[in-house]
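Encoded as structure tokens, the structure appears first; notes follow it.
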Amino acid sequence: MAIQIQTLIIDDSEADVDFLRALLRKAEQEHAFHVAWESDQERALQRLAREKFDLVLLDYQMPVVSGLDLLPKLRRVNARVPVIMLTGQGNEAVAVQAIKRGAHDYLRKDDLTAPALFCTVMGALERKRLEDELERERTAHERDLQLARELQQAFLPDSLPHFSPQQRPDSMGLRLYHRYTPTLAVGGDFFDVVPVNQHAAGVFISDVAGHGLQAALVTAVLRTLIEELKETAGDPQAFLEQLNAGLQRILRQTTAPVFASAFYLKVDLDTKLASFCNAGHPPQLHLRRHAGEVTLLFDQSRQGPLLGVNENALFPTRTMPVDVEDMFLLFTDGLVNLLNPDGEAFGLAGVQAAAKEALHASESELVDHIVARAREHAGESLLPEDLCLVAVEAGTLGGA
């Protein structure tokens, strides 16, 4: 059965239209061209808007508006239909302009033959078929990425549970707020909250090198490992070392090296102590509200390497006291590395200064304020990296 090709000819010359019809009929062994003709440009645009056409043959020399000037209007009505420009007196300059304005090809009428027309038409239709196939694949890819983004967002914890059934409903011990913005649909930034016991919890934040699906898959691996290692979450050093060993064993089977920085913080409401381990991650912040200070959670002598580099790496723990209403701000280096139009990074100093401005704000207000200051720094620049911030407030302490 012949393939049906709905064809619209836009031409003010009936003789030329009859000539084109005759040429198309010679190619009807495997293809049936159903030809519609419009000599008026506005009627042609209206018809193209309401009917489905597989092909448009457009005359260059038209009254009122030339075919070149009609092409942009035609593309606004139907951006994807193949268009072949035809002329009796054209030249290469016209051909170049026609292609730039959206025509698939260009032919001269004065030496046009059935084989030449058919070959050009088939080429335009094949190109359209390939474009449609790519569009379907792109749409399916975007749909998959959107699902991956939704799943990745669903993995991020929104709040912490009550650690003790005896606690009042309005006193949750630790309060949590986060902001997560991947550069692409999915990203390599990741955080998780691990209950340790009724009075303590661990907060893990990580930044996987790279972006997109590869980084997102590594965050999925990290989440699985964290779930498996929950029993060791009370010992930050053992937790991070076993996490690193598990990740390294998995990643050694991949062809490309994959690394991740990470920071693990454990806050104990009963002992009034916080402990942390660092795996190549930027220093994080401790907001000591009663003292009016914003200090860095960093100890060069206890800095561990990136996760995934060395299976036997050590990650020593640092411990410090926690006061009631202290806040901890964890973030990835997308915030620190954010550049302004002059190429200057927001930096740790920018994060620390913004945190001090909002020292007594709630956890959500603190995060929103820091992001606002970072965006002011960047101006109109787009965020070049994934961005993740987590604020954890010690709202109550044991015996407080």
Grouping I, L, V, M, F, W and Y whenever their side-chain heavy atoms are under 4.5 Å apart, do [X] and [Y] come out in a common cluster?
X    : Y    : answer
V267 : M320 : yes
V294 : L296 : yes
L225 : L314 : no
L359 : V371 : yes

Taking the side chain from [X] and the backbone from [Y], do they hold a donor-acceptor pair closer than 3.5 Å?
X    : Y    : value
D59  : I10  : no
K266 : S275 : no
D342 : E344 : no
D207 : D189 : no
D323 : D326 : no
R25  : L20  : no
H104 : V121 : no
Q284 : F328 : no

Using a 4.5 Å cut-off on heavy atoms from C-beta on, say whether the side chain of [Y] contacts that of [X].
X    : Y    : value
Q41  : K73  : no
L45  : L70  : yes
L23  : F118 : no
H199 : D268 : yes
R21  : W37  : yes
M327 : L366 : yes
F190 : I226 : yes
L243 : F204 : yes

Quick one: [atom1] on [X] to [atom2] on [Y], what's the gap to the nearest 0.5 Å?
X    : Y    : atom1 : atom2 : value
L389 : Y177 : CG    : OH    : 10.0 Å
D299 : N278 : CG    : CG    : 10.0 Å
E38  : Q46  : CD    : CD    : 9.0 Å
R108 : Y60  : CZ    : OH    : 11.5 Å
F315 : F239 : CZ    : CZ    : 12.0 Å
N340 : F346 : CG    : CZ    : 10.5 Å

Could you give me the CA-CA distance, side-chain angles and deciding distance for Q4 and D54, then say whether side chain to side chain contact (heavy atoms under 4.5 Å, CB included) is met?
CA-CA 9 Å; Q4 310 295 307; D54 304 306; 5.9 Å; no
For the side chain to side chain contact (heavy atoms under 4.5 Å, CB included) test, which of K272, H290, E393 pairs with V324?
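One option only clears the test, and that one is H290.
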Would you say that more than 12 heavy atoms from the other residues, nucleotides or ligands in this model lie under 6.0 Å from the CD of E231, or not?
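Open: at most 12 neighbouring heavy atoms sit under 6.0 Å from CD of E231.
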Indicate the atoms forming the closest heavy-atom contact of [X] with [Y], along with that distance.
X    : Y    : result
S261 : H281 : OG-ND1, 2.8 Å
S206 : T332 : O-CG2, 3.7 Å
G308 : L247 : N-CD2, 4.3 Å
G280 : L306 : O-CD2, 3.9 Å
F33  : L24  : CD1-O, 3.8 Å
A233 : V194 : CB-CG1, 3.5 Å

Apply side chain to side chain contact (heavy atoms under 4.5 Å, CB included) to V83 and L71, showing your working.
CA-CA 9 Å; V83 178; L71 259 173; 3.9 Å; yes
Could you tell me whether R101 and D69 have a side-chain N and a carboxylate O separated by less than 4.0 Å?
yes
Checking R289 against E325 for the salt bridge (Lys or Arg N to Asp or Glu O under 4.0 Å) test, could you report, in this order, the C-alpha distance in whole Å, the side-chain angles of both residues, the deciding distance, and whether it holds?
CA-CA 7 Å; R289 287 167 158 173; E325 295 184 358; 5.0 Å; no
Check R127, K128, R129 against E131 for a side chain to side chain donor-acceptor pair (under 3.5 Å) and give me the one that passes.
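With E131 as partner, side chain to side chain donor-acceptor pair (under 3.5 Å) holds for just one option, R127.
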Side chain to side chain contact (heavy atoms under 4.5 Å, CB included) for I84 and L107? Distances and angles first, verdict last.
CA-CA 7 Å; I84 297 174; L107 290 172; 4.2 Å; yes
Under the salt bridge (Lys or Arg N to Asp or Glu O under 4.0 Å) criterion, do R223 and E227 qualify, and how do the steps go?
CA-CA 6 Å; R223 180 174 178 80; E227 188 67 23; 5.4 Å; no
So F263 and F276, would you call those rings parallel, tilted or perpendicular, with 30° and 60° as cut-offs?
parallel
Checking side chain to side chain contact (heavy atoms under 4.5 Å, CB included) for the pair D111/T113: CA distance, chi angles, key distance, verdict?
CA-CA 7 Å; D111 57 0; T113 63; over 6 Å; no
